[in-house]
Amino acid sequence: MARSIFNGRLTIDDLVIPIKLYSAVEPRPVSFRLLHASDQVPVQQRMVHPTTGEPVPPEATQRAIPTPEGMVVLHDAELAELEPESSDVFEILRFVEPTQLNHQWYVRPYYLGPGDPAHADSYFALARALAAEAKQGIVRWTMRKKHYRGALRAAGDYLSLITLRSTAEVVATESLPELAWPSPTPQELAMARQLVELLEGELDLDQFHDRYAEQVITLANAKAAGLPTTQTPGKPAPASAPSLADALAASIARLQEQDVA
Amino acid sequence: MPETDSPSPFWSGTITFGMVTIPVSLVSATRSSAGVSLRQLAPDGAPLRRQYVCPDHERALEPDEIARAYELDSGQYVIMTDDELDALAPEASHDIELRQFVDRAALSPMLFERPYFLLPDSESTKPYHLLAQVLEATGRAGIATFVMRGHQHVVAIVADDQLLRAQTLRFVSELRTPATIGLPSPPDDLDEAQIQRLRAVIRAHTATEIAESELEDEARAQVLALAEQKLAEHRDVVQVPSDEPGPDAEIIDLMRVLQRSLARPA
């Protein structure tokens, strides 16, 4: 049972739906600690003056934004004035097509749960309505003195909220180098399409595992138990480069043979 | 306000699609520096330095005195050397082999970890264009694994506007589910009239576009504006000695940031 990280109210028009926010991401399976090697005590961090090496306590620290003209100091009072007021409102601004935002915008997924499990009807009704309309809501809220934007989506019978990047964080395609486009021939296009169809399947992400994390944990346990440790690397063969049409034709032929076999 | 300096590639390799090979480079589709990162200064204006200390010995530690350790469930620490971790890292590979294609709509954004653009890395862009056209026309995503920075990633390759995009995906084991969180089950008797009312609310508030302002980071704009005002008034501006660039200093050219055009990202 995961703990909720925030309690709030989802609102639109006069509608108010009490919700709880839960992270949809498990904590990282492998996280390292830094130790003082000789006595195996976890290290601590502190901020020191660059020339004197004297520790500077947080209350004596100034905060500044670096610019080409120098560091501009922002005082605690000024920063506090810019902090958003705390609120528990998750305001739904509008609904759009789920494809309205491309992949670049999504950051981190959360599940919403009903604020009060005994009065969860409106929560589940909204999840059902969102799924039936096939829309996502654009939501704004404030949490821990920060503004957030998110996409509200149905996830089965439940509601999910995925935080969104701000426009400043999203690289515009206009900033990419211009690409010149020689057109493939209709024949090449038809073959490429056929190849995609031959490789078409159901999405099955369960087949992929974080092998690195699994191996780190295995190695750590082996070392702790004093067992010998071994590794087995594997290497894929490099691919050759025939002409585009030949490569497509050969790929299709190979896949069709596999199908027959 | 997407900013327009061209991002630099940090991984180059090939997409293989059957026996077709497409040389590409990967560039980030996000700008992590877009947030305002405040630096910490001493009372005299010098940028502070981070130091690691041993609480038992009460002294600063040199880098070679620090070890990386994994904490077992028992709370015991196991020191892991760089060599040991390097040996576990998957062998560097420069290949994204598309073995499977799926309906793009089947990819939940909950899976999305980091977005990238794939740019053609060769004079001959025809294979790149071919894959982009076919993926866009069929609404398919190619699924593959590849190794970047010593880690294996699952990646979905999709195309928009004739541009290939790569999206690294979270492992399924990283995602919680309503069941593992412990969310209550939906009631059997949902009020159909209430669902219809909510559907009407959704329709009434459905728009074809998202307003640009709704995705702005207001806090960032406010902090930048305050700094700009102080610069103009020569107030609270501290000169850092030039022989002391702070660690990971990220200099923000305020005027440039503020004047950048409101180009709409695709």
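As the structure is a prediction and not an experimental result, all values here were calculated from the model. To find a chain, count down the sequence lines: A is the first, B the second, and so on, and within it residues start at 1.
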A:Asp121 meets the salt bridge (Lys or Arg N to Asp or Glu O under 4.0 Å) criterion, sequence neighbours left out, with none
Interchain contact, B:Gln51 with chain A, by part (heavy-atom threshold 4.5 Å): both
Do NZ/NE/NH1/NH2 and the carboxylate oxygens of A:Arg149 and B:Glu214 come within less than 4.0 Å? no
Proximity breakdown for B:Val78 and chain A, heavy-atom pairs closer than 4.5 Å: side chain
Can you tell me which portion of A:Ile12 sits under 4.5 Å from chain B's heavy atoms? Options are side chain, backbone, both or neither. side chain
B:Gln162 versus chain A, the contacting section by heavy-atom distance below 4.5 Å: both
Is the number of heavy atoms from other residues, nucleotides or ligands within 6.0 Å of CD (A:Gln45) greater than 12? yes
Separation between CD1 of B:Ile210 and CD1 of A:Ile138, rounded to the nearest 0.5 Å: 3.5 Å
Side chain, backbone, both or neither: which part of B:Ser108 has a heavy atom under 4.5 Å from chain A? neither
The interface call for B:Val158 against chain A, heavy-atom contacts under 4.5 Å, is side chain
B:Leu183, part contacting chain A, at a heavy-atom distance under 4.5 Å: both
Side chain, backbone, both or neither: which part of B:Val53 has a non-hydrogen atom closer than 4.5 Å to chain A? both
Which atoms of A:Arg46 are under 4.5 Å from chain B, going by heavy atoms: the side chain, the backbone, both sets, or neither? both
Part of B:His129 lying under 4.5 Å from any heavy atom of chain A: both
Could you tell me which non-hydrogen atom of A:Ala24 sits nearest to which non-hydrogen atom of A:Tyr111, and how far apart they are? CB-CD1, 3.7 Å
Does any backbone or side-chain atom of B:Asp103 lie under 4.5 Å from a heavy atom of chain A? Answer side chain, backbone, both or neither. backbone
Donor-acceptor contact below 3.5 Å, side chain B:Asp44 vs main chain B:Ala46: yes
What part of B:Arg99 lies closer than 4.5 angstrom to a heavy atom of chain A: side chain, backbone, both or neither? backbone
Are the side chain of B:Thr125 and the backbone of B:Tyr128 linked by a donor-acceptor contact shorter than 3.5 Å? no
Side chain, backbone, both or neither: which part of B:Arg197 has an atom under 4.5 Å from a heavy atom of chain A? neither
For B:Ile143, is it the side chain, the backbone, both or neither that has a heavy atom under 4.5 Å from a heavy atom of chain A? side chain
Using heavy-atom distances under 4.5 Å, tell me whether B:Arg199 contacts chain A through its side chain, its backbone, both, or neither. both
Whatever's closer than 4.5 Å to a heavy atom in chain A on B:Leu190 counts as side chain
Whatever's closer than 4.5 Å to a heavy atom in chain B on A:Glu202 counts as backbone
Assert top hit (heavy-atom pairs under 4.5 Å, partner chain A, pool B:Ala200, B:Pro187, B:Pro186) equals B:Pro186
Should we say atom CZ of A:Arg3 is surrounded by more than 12 heavy atoms from elsewhere, each under 6.0 Å from it? no
Which answer fits A:Leu35, side chain, backbone, both or neither, if we ask what part of it has an atom under 4.5 Å from a heavy atom of chain B? both
Taking every non-hydrogen pair under 4.5 Å, which of B:Ala60, B:Pro55, B:Ala42, B:Gly18 racks up the most with chain A? B:Pro55
